[in-house]
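The chains referred to below are lettered A, B, ... by the order of the sequence lines, with proteins before strands, and numbering in each begins at 1.
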Protein chains: 2
Amino acid sequence: MQRDQNPKRPTMGDVAALAGVSRKTVSRVFNSEATVGEDLVAKVRLAASQLNYKMNLVASDLRRSNGRPSTIGLLIQDVSNEFFANIFRAVEDVAESYGVTVLASNIDEDAEREHRLTSQLVERRVDGLIIVPSGNDQSYLAHEQRSGTPFVFLDRPPQLLRADTVLSDNEEGSFLGVRHLIEHGHRRIGFVGEPPAYSPARQRYRGYLRALQTSNIPIETQLISRDLTTEDDAQQAVIEMMSRSVPPTAIFAAQNRLTIGAVKGLREVSMEYSIALVGFDDFQLAYLLQPAVTVIAQDPLAIGKLGAELLFRRIQGDASPANTHIVSTLLITRGSGEIMAPPAHR
Amino acid sequence: MQRDQNPKRPTMGDVAALAGVSRKTVSRVFNSEATVGEDLVAKVRLAASQLNYKMNLVASDLRRSNGRPSTIGLLIQDVSNEFFANIFRAVEDVAESYGVTVLASNIDEDAEREHRLTSQLVERRVDGLIIVPSGNDQSYLAHEQRSGTPFVFLDRPPQLLRADTVLSDNEEGSFLGVRHLIEHGHRRIGFVGEPPAYSPARQRYRGYLRALQTSNIPIETQLISRDLTTEDDAQQAVIEMMSRSVPPTAIFAAQNRLTIGAVKGLREVSMEYSIALVGFDDFQLAYLLQPAVTVIAQDPLAIGKLGAELLFRRIQGDASPANTHIVSTLLITRGSGEIMAPPAHR
DNA sequence: GTGAAAGCGCTAACAT
DNA sequence: ATGTTAGCGCTTTCAC
């Protein structure tokens, strides 16, 4: 930063000199402080545009001590996943309405990166931080929190730290998705999910169990695969399930990439039209696949918006106890989830 | 920024006092300057960790005048589009290898936003800026450029400004896509594209024309739709084309969202298996649609990486003339583009 | 309403 | 190898 290249950048002092006023007056004009006479405002603006002056927000940030925020940090897992891309959009929109710059980075489910990037953002003295955490211990942030930097967590709760959190209604969404399958006559419902280390995965599994129990359907562990992380994992898991002596008549996939894997698996055994499928979390083109995929949609825009609003409330001094907020999910029926169970299996 | 909350943050002075050394020594330790004795390094580190000290990069940036960069800006159209999300990832990777923070924002094809966000980033004194421009006049950046801030443009060339640029091989990619259709017996090939105001759209159209001319196929204006921006636009355009007395036997869609619209259009008239389709720019799940969609794939990761590397070269003082770099495209055959023309039409 | 002086936290330039 | 002094560009504080 501050590479002094060719013609050095004009400073407030330069503008002040040209306009024949003090630096402070220029400062007031650029901060719209209203207590400056119109004639002076005009003079300052003229001088500034003649010099092509742009205020240096870095210097401004250094000295400023009033509460007005200037930057917030955002750590998400991966913008390539539309769920996180939408969170980014929502946070950016709110930040922009406050005139605040967003520093966004991808964590990639890497706890070490989470540490490193958080640290970098704190060194940049962001006024607050929104995190989709990867690690399973956020106690390392306690000190920053006490130093006055507010944190908000999205999608997954922080561990060993109290902070505002915004989550999807994972358990209920999952429950509704599985119940939807049960309502279509299914009693043998396969579960395809991420490892339980990941908190939403645990909740979605809980919803699956509750739906079965509510309908007095026995849990069959051969129909449950809980350690899948990639599309391929899910595809294989589904193929394997379908090759069992008594295969499931429906599948619930607990994450969007796993859902895609499940689609591929079902196609590979040519059962995409006979086995029902409901996925958790929507994805682009789900409606164009054949059959179109029924999903429990999350609302990443709402999650990001709410998270950002909570953060700004904290930045503005809200000191009420940290809270967890739940954003509801929505069942979108498109075909794959409405395939009826064969009569024999009812 | 700098909200002085509860326990004020420790400064270098505090660490220096506790360690019994000068501030400059602490500075040297935190900048890994090597000319500090091991014993002092240890003392400083101990004091810093006792105070939970984190360096203030804002202050550091303000004073520093050596060439070492600290932040770069990135303005893309929309992270929700995977093409731009991948550019973001690639730029971030390169920046991280330099220890540089990325400030990324979405422009949304809005020239006014482009101005505003660029201005904000310049005010933050980013060390360089990577832009996918929306407006049709970037001359407003000439002053910044002369002040020493390097700019690199991606996907679309800047207008009324000279700067490094990285583009896809739009014309050639388009040419190859259309030639692929011709090789499958097609002579009536519909074109579905974005408005010519958008430079890649012009180039892709040019590739389409050249492919036809090369094969001595007459241009039929009824088969050409060049003012489409949304999925729906493309869908309607395709439906309309297919309802003509002599409809096309193949369609070339010049952008990924338009390709999706074309798929929907063909399905609506139940011709997705009889009309060939090639799309420009790949998209997730293209391979899962039925028929799977043949595309000319761009390489957003390569574009982003090259763009970032060019920028860092400039930041490090490279003053050679600005250059335009072309990243090649790749034909990926998946089925929709290999549908043969009916014999009658050959 | 406007200005002068001091200072934010750090690093450059120059000692020693 | 370490310290001292000055100053980055702005805003605060307080004076007028």
Side-chain angles (χ1 to χ4, degrees), chain A residues 1-5 8-44 47-48 51 53-70 122-125 127 147-148, chain B residues 1-5 8-44 47-48 51 53-70 122-125 127 147-148:
Chain A
M1 208 158 250
Q2 241 68 13
R3 291 155 317 97
D4 38 20
Q5 214 100 350
K8 206 164 139 314
R9 265 177 203 292
T11 73
M12 236 172 208
D14 299 330
V15 177
L18 183 58
V21 300
S22 77
R23 287 182 307 173
K24 181 61 205 182
T25 297
V26 178
S27 171
R28 284 195 256 255
V29 170
F30 274 81
N31 286 291
S32 317
E33 280 185 33
T35 68
V36 185
E38 285 186 26
D39 47 338
L40 284 194
V41 172
K43 266 202 251 177
V44 168
L51 294 174
Y53 170 74
K54 297 249 184 186
M55 167 93 141
N56 184 335
L57 289 184
V58 175
S60 172
D61 272 352
L62 183 58
R63 189 61 172 94
R64 169 169 287 137
S65 67
N66 68 6
R68 224 185 83 201
S70 106
V122 169
E123 288 179 346
R124 272 202 193 284
R125 298 295 189 267
D127 297 290
S147 302
Chain B
M1 208 159 252
Q2 243 69 15
R3 291 156 315 97
D4 38 18
Q5 214 99 351
K8 206 164 141 316
R9 266 178 201 290
T11 72
M12 240 174 204
D14 299 330
V15 177
L18 182 57
V21 299
S22 77
R23 286 180 307 171
K24 181 64 203 182
T25 299
V26 179
S27 170
R28 282 194 258 255
V29 170
F30 273 82
N31 287 289
S32 318
E33 279 188 32
T35 69
V36 184
E38 286 185 25
D39 48 337
L40 283 194
V41 172
K43 266 202 253 178
V44 168
L51 295 175
Y53 170 74
K54 297 249 185 188
M55 159 105 140
N56 184 335
L57 288 184
V58 175
S60 172
D61 272 353
L62 182 60
R63 188 61 172 98
R64 172 169 283 139
S65 66
N66 68 7
R68 224 184 83 202
S70 106
V122 169
E123 288 179 347
R124 275 204 190 282
R125 299 297 190 265
D127 297 290
S147 302

Taken to the nearest whole Å, CG/B:Asp14 to C1'/C:dC8 is 13 Å
Within the structure shown, what part of the strands sits under 4.0 Å from B:Thr35 by heavy-atom distance: base, sugar-phosphate, or nothing?
-> base
Examine C:dC8: is either OP1 or OP2 under 4.0 Å from a nitrogen or oxygen in the side chain of B:Asn56? Give yes or no.
-> no
Which pair of non-hydrogen atoms, one from A:Met12 and one from A:Ser27, has the smallest distance, and what is that distance?
-> CE-CA, 3.2 Å
Do the side-chain N or O atoms of A:Tyr53 get closer than 4.0 angstrom to the phosphate oxygens (OP1, OP2) of D:dG9?
-> no
Which angle, to the nearest 10 degrees, lies between the helix axes at the two ends of the helix from C:dG1-D:dC16 to C:dT16-D:dA1, each defined by five pairs?
-> 30°
A:Arg28 (side chain) and C:dG3 (base): donor-acceptor pair under 3.5 Å | yes
Measure from CG on B:Leu57 to C1' on C:dC10 and round the result to the nearest Å.
-> 10 Å
So A:Met55 and A:Asn31, side chain to side chain contact (heavy atoms under 4.5 Å, CB included) or not? Walk me through it.
-> CA-CA 10 Å; A:Met55 167 93 141; A:Asn31 286 291; 4.0 Å; yes
Measure the distance from CZ on A:Arg125 to P on C:dC10 and round it to the nearest whole Å.
-> 7 Å
A:Asp39 CG to C:dT2 C1', straight-line distance once rounded to whole Å | 11 Å
Which part of the nucleic acid, if any, lies within reach of B:Leu40 when heavy atoms closer than 4.0 Å are counted: base, sugar-phosphate only, or nothing?
-> sugar-phosphate
Nearest heavy-atom pair of A:Gly13 and A:Arg23: which atoms, and what distance?
-> CA-CG, 3.7 Å
Considering all heavy atoms, the nearest B:Asp61-A:Val58 contact | CB-CG1, 4.0 Å
A:Met12 has its side chain closest, among D:dT2, C:dC10, D:dC10, to D:dC10
Taking side chain to side chain contact (heavy atoms under 4.5 Å, CB included) as the test, write out the residues that go with B:Leu40, two or more places apart.
-> B:Val21, B:Thr25, B:Val36, B:Lys43
Have B:Arg125 and B:Ser70 got a donor and an acceptor in their side chains that come within less than 3.5 Å?
-> no
Whole-Å distance between D:dG9 C1' and A:Asp61 CG?
-> 12 Å
Spacing between B:Glu123 atom CD and D:dG9 atom P, to the nearest angstrom = 15 Å
What are the two closest non-hydrogen atoms of A:Pro10 and A:Leu51, and how far apart are they?
-> CG-O, 3.4 Å
Shortest non-hydrogen contact from A:Tyr53 toward A:Thr11 = CE1-C, 3.6 Å
For B:Phe30, report the nucleic acid contact type (base, sugar-phosphate, nothing); a contact means any heavy atom under 4.0 Å.
-> nothing
Rounded to the nearest angstrom, tell me the gap between atom CG in B:Leu62 and atom C1' in C:dG7.
-> 12 Å
Using a cut-off of strictly less than 4.0 Å, decide whether B:Arg63 has a side-chain nitrogen or oxygen near OP1 or OP2 of D:dG7.
-> no
Does A:Lys24 have any side-chain hydrogen bond (donor to acceptor under 3.5 Å, both in side chains) partners at least two apart in sequence or in another chain, and if so, which?
-> none
Can you name the closest pair of heavy atoms from B:Leu62 and A:Ala59 and give their distance?
-> CD1-CB, 3.5 Å
Going by heavy atoms closer than 4.0 Å, what residues in residues 17-27 of chain B are next to DNA chain D?
-> B:Val21, B:Ser22, B:Arg23, B:Lys24, B:Thr25
Interatomic distance, B:Arg9 CZ vs C:dC10 C1' [rounded to whole Å] = 15 Å
